[in-house]
Chemist: 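Before anything else, here's the structure in question.
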Amino acid sequence: MVMKQLRITNQISSVVAYGRWFISNPDLPKRFALHAPLNKYNREDFYSPDPICGYVDYPFLEPIE
């Protein structure tokens, strides 16, 4: 399922989690608002001991001029 297309209807869901998507998309709400593509996450990098790889190296959206 594409998380961006998720719709909460009829009060079926009370919680929606985007943990992995927030890791790879630090600007996730902005991406949703602009219908921008999402960065793919790499689970192997989530808890890497390398301080340059993983949580801090995913790119933000480029500014739209």
Chemist: State, with a plain yes or no, whether a side-chain heavy atom of L38 is found less than 4.5 Å away from one of F32.
Modeler: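 L38 reaches F32 side chain to side chain.
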Chemist: Does some side-chain heavy atom of Y18 sit less than 4.5 Å from a side-chain heavy atom of P29?
Modeler: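 No, every pair of side-chain atoms sits at 4.5 Å or beyond.
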Chemist: Can you tell me how far CG of N39 sits from CD1 of I23, rounded to the nearest 0.5 angstrom?
Modeler: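 Output value for this atom pair is 12.5 Å.
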Chemist: Do the side chain of R31 and the main chain of P37 share a donor and acceptor less than 3.5 angstrom apart?
Modeler: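 Judged by distance alone, yes, a pair lies under 3.5 Å.
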Chemist: Might you point out which heavy atoms bring P26 and P59 nearest each other, and give the distance in Å?
Modeler: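 For P26 versus P59, the nearest heavy atoms are CD-O, 4.1 Å.
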Chemist: Mind checking what makes side chain to side chain contact (heavy atoms under 4.5 Å, CB included) contact with N42, not counting sequence neighbours?
Modeler: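 E44, D45, Y58.
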Chemist: Is it the case that one hydrophobic cluster holds both F60 and L28, taking links as side-chain heavy atoms less than 4.5 Å apart, direct or via other members?
Modeler: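 Different clusters.
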